[in-house]
Amino acid sequence: MTNPKRYLITSALPYANGLKHVGHLAGAYIPADIYVRYLRAQKRDVVFVCGSDEHGTAIPIQATKEGTTPRAIIDKYHEAMKQDFEDLSMSFDIYHRTSEPIHHETAQEFFTRLNNAGELETKETEQYFDEEAKTFLADRYIKGTCPNCGSDRAFGDQCETCGRTLSPDELINPVSTLSGKTPIKKKTTHWYLPLGKHEQFLREWILEQHKDDWRSTVVGQCKSWIEGGLQSRAVTRDLDWGVKVPLKEAEGKVLYVWFDAPIGYISATKQWAIDNKKDWKPYWQDKDTKLVHFVGKDNIVFHCIIFPVMLKLHGDILPENVPANEFLNLEGDKMSTSRNWKLDMRDYIIDFVKKENGGGQCVDMLRYYLTQIAPETKDSEFMWKGFQDAVNSELVSIFGNFVNRTWVLMHKLCGGKVPQLHTGILDDNDKILIGEIENAKTRIESLLEQYKFREALYEVIDLSRKGNQYMQKKEPWIVAKKLAENPEAQKSIDNTMYLCLQLTANLAIFINPFLPNTAKSMLYMMKVVDKLLDWENAGKLKLLSTGYSLREPQLLFRKIEDTEITEQIEKLKSGLKQMEEPKKEETKTESVVKSEIQFDDFARIDLKVGTIVSAEKVEKADKLLKLSVDLGFETRTIVSGIALHFKPEEIVGKQVTVVTNLAPRKMRGIESNGMILMAEDKNGKLQFLKPENPVSPGSNVS
RNA sequence: CGCGAAGUAGAGCAGCGGUAGCUCGUUGGGCUCAUAACCCAAAGGUCGGGAGUUCGAUCCUCCCCUUCGCAACCA
């Protein structure tokens, strides 16, 4: 789209179950904010929406964890996140929330329209139900023994011990985490969005039309999803926290959070329109609107596949681009909330922004570093030492220093006023600098349009570097020494300082989208109003008029001291230790004895002794062995993840204990009909559980 | 396993068919207006490994190794 009438820019809705860290900030918020500030400077019609995502099972879970209500959780984190974004100069036009009535209405209308148009399917399935709590259980609420690794702490969706994704049906001894009781199976109906029907559309839209203008990582991800076969996705679920499904027969059901959350962009736009007496409709329905979603890579599938399908069915416009960022690691390791290896936005705000020598400059320092290392093409690394280097040797030494020396010299050599430009005596250096200023505009503009924020910011800093080089060549402080014998030399000084001052004004315009607080400080020093920052002024050389007197210089940035970064690194490492200590205890107490079960539960498991008659390694799998086990009445194929511990030839003829009534399961394409019981010592070494003396195959174990 | 992304100077990254580039760091020199800032120069890489296509490959193709992500009721 070459010249859209209006822009709607979104940043991923942060989930209101905890504070967000700098990885989120670098991924979805800062890039969007830069883009929006640039568009605003161009006087474009742009709305920037965001808000808290407040539904889904994780909210009630977090409430239980903190011993409070879901409502209290979302109120707490909504306010906290909103505040943090504000403290870091995020310029949302609205920061909304999905718990607002206007959002519920919008999401329900969305569902109704799709349902009435016959675009949704219903399916009846059996799901676990907790009779005591009288509720269907989300996968996360079911705990049991992992069929893969035998850990008794697996959840219905995933085993945290071995990492395997599970479905609740696979769990051995499923237990409700709400009541501790064994849940029963109960029939329930759900609505599904059949993505498969839209494969052709997605292929054309993404893999054809956008294969060149979207980031390769984004197209790659989408391709992976499409090639993998698009399954129907449930859009409802049995839960009492969320947007009620607007149908009589759907009592007790809510919209699945992934369905309602992106609609939050629309409801936020509606609320913004009400607040500002505007019409929201063109922003979502007019073809001349450019919609851009800024997200992290975990969100690609929702914003490139699922939400666009929803939008298409609903008759809305599609995103023009989804410039997703990859992930930001921290000091050599993945950021992780559960391991407490992270830097929360809040922590930075407290340790830097709110300190006495903090303020807007510290906000901009973080924005600078995060933009400079933004994971635009691949995962990148936040290093405290890198942060210090970037601030001290680029922001302070190159950019800040250029502005500062310009101001000091201007006061010393030009009486604190903007000097005249003597066009007759412009030399090559002057002309080259003028050319650079004009070029910079085109370059930065083009990079921003392509969402290459890191490079665009580099161009800005590089322009100030060119200012330093220029000044070094012109050496006005040397020229000034010859003034006594050659008063004409003042003209050369005037030209140099005039150009440096105009360059500074241009730098303010260019840096503004990235570092708005810095731009503000520069405006103050130049004694000019915000209007100077209009993008149309960029590249011009008459921004500060001759004779205008300017303020005394003030430093734009302070340096980051060594002690500050060593403190942060210490803090990070000690946080990690604190998390590890209590966790160990927890495992201990829990692993000694599992929760009590009834004899009936035990009796449901059929254990028999079998003899391994053959064993072979499974092709292209590190851990798997394919075993044939003689159980007396039959010989079964069992696939077991023990290849790292035993060689196939070693174990033929050995007797083992087998769970014989475990549901069959395919691994590497081979159906496994049972499970071998193993004992694991604390080093992770496995041993077979077997009778002391050989017994006949098929003997019962009880 | 599969799919996707990535492996390039001490560190962080760019380039993606035609003598390897940027920032920081290191070393040497210059300057002194400037936040021990600035400017100039140098050292430093057989572009993960192997094979192929090509007149020519870091860049294309194939295989292998390593890292990260995804695999769909995970929001």
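So you know, we letter chains A, B, ... as the sequences are listed, proteins then strands, and number each from 1.
- Side-chain contact of A:Glu394 with A:Tyr368: a donor-acceptor pair under 3.5 Å is present, judged by distance alone.
- Residue-level contact check: A:Tyr192 touches the bases, meaning some heavy atom is under 4.0 Å from a base atom.
- Annotation: A:Tyr265 is in aromatic contact with A:His293 [ring centroid separation under 6.0 Å].
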Close N/O contacts between protein and nucleotides 20-22 of chain B (under 3.5 Å):
{"unit_1": "B:C22", "atom_1": "O2'", "unit_2": "A:Tyr458", "atom_2": "OH", "d": "3.3"}

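- Going from the P atom of B:G2 to that of B:C59 covers 23 Å, rounded to whole Å.
- A:His78 places its NE2 atom 21 Å from the P atom of B:A75, with the value rounded to the nearest Å.
- Comparing the P positions of B:C47 and B:U32 gives an interatomic distance of 44 Å, to the nearest angstrom.
- B:G7 and B:C65 make up a base pair, with Watson-Crick or G-U wobble contacts both under 3.5 Å.
- The CH2 atom of A:Trp241 sits 6.0 Å away from the NE2 atom of A:His55 when rounded to the nearest 0.5 Å.
- Distance check on atom P: B:A14 versus B:A9 gives 13 Å, rounded to whole Å.
- Pairing for B:A57 is absent, with no Watson-Crick or G-U wobble pair whose two atom distances lie under 3.5 Å.
- Following rounding to the nearest Å, A:Trp241 (CH2) and B:A75 (C1') show an atom-to-atom distance of 14 Å.
- When the P atom is used for both B:G15 and B:C70, the distance is 24 Å, rounded to whole Å.
- Residue A:Asn299 is classed as a base contact, given a heavy-atom separation below 4.0 Å to a base.
- Both A:His55 and A:Ala390 lie near RNA chain B, and the one whose nearest nucleotide falls closer to the 5' end is A:Ala390.
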>> Set out, in order, the CA-CA distance, both residues' side-chain angles and the distance that settles salt bridge (charged side-chain N to carboxylate O under 4.0 Å, His left out) for A:Glu564 and A:Arg558, then state yes or no.
In response: CA-CA 13 Å; A:Glu564 292 179 89; A:Arg558 69 174 180 85; 2.9 Å; yes
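- Inspection of the A:Thr236 and A:His190 side chains reveals an N or O donor paired with an N or O acceptor under 3.5 Å.
- B:C24 and B:C1: their P atoms are spaced 41 Å apart (whole Å).
- In this structure, A:Lys185 satisfies the cation-pi test against A:Tyr128, with its NZ or CZ atom closer than 6.0 Å to the six-membered ring centre and inside 45 degrees of the ring normal.
- Nearest to the side chain of A:Arg454, among B:A5, B:A14, B:G4, sits B:A14.
- Under the Watson-Crick or G-U wobble criterion, with both distances below 3.5 Å, B:G25 has no partner in any strand shown.
- Taking A:Phe382 as the reference, A:Tyr369, A:Trp384 meet the ring pair (Phe, Tyr, Trp, His ring centres under 6.0 Å) condition, with sequence neighbours excluded.
- With both ends at atom C1', the span from B:G21 to B:G45 equals 11 Å, rounded to whole Å.
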>> Output one letter per nucleotide in nucleotides 29-37 of chain B: B when a protein non-hydrogen atom lies under 4.0 Å from the base, S when only the sugar-phosphate is that close, - when neither is.
In response: -BSSBBB-S
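- Taking atom CD1 on A:Ile560 and atom C1' on B:C24, their separation rounds to 16 Å, with Å as the unit.
- Inspection of the A:Thr189 and A:Lys253 side chains reveals no N or O donor paired with an N or O acceptor under 3.5 Å.
- The CD1 atom of A:Ile305 sits 10.0 Å away from the CD1 atom of A:Ile300 when rounded to the nearest 0.5 Å.
- Across the protein-nucleic acid pair, A:Glu455 atom CD and B:U23 atom C1' stand 13 Å apart, rounded to whole Å.
- In this structure, A:Phe302 forms an aromatic stack with the base of B:A75, since both conditions hold: centre separation below 5.5 Å and plane angle below 30°.
- Using a 4.0 Å heavy-atom cutoff across all strands shown, A:Asp298 reaches at least one base atom of the nucleic acid.
- Taking atom C1' on both nucleotides, B:U53 is separated from B:G17 by 12 Å, rounded to a whole Å.
- A donor-acceptor contact under 3.5 angstrom links the side chains of A:Arg97 and A:Ser99, judged on distance only.
- Among the atoms of the strands shown, only primed sugar atoms or phosphate atoms (P, OP1, OP2) are found under 4.0 Å from some heavy atom of A:Glu394.
- For the P atoms, the distance linking B:C33 with B:G44 amounts to 36 Å, nearest Å.
- A 3.5 Å limit on both hydrogen-bonding distances identifies no Watson-Crick or G-U partner for B:A34.
- In the model, A:Asn468 has no side-chain atom that pairs as donor or acceptor with a side-chain atom of A:Gln472 under 3.5 Å.
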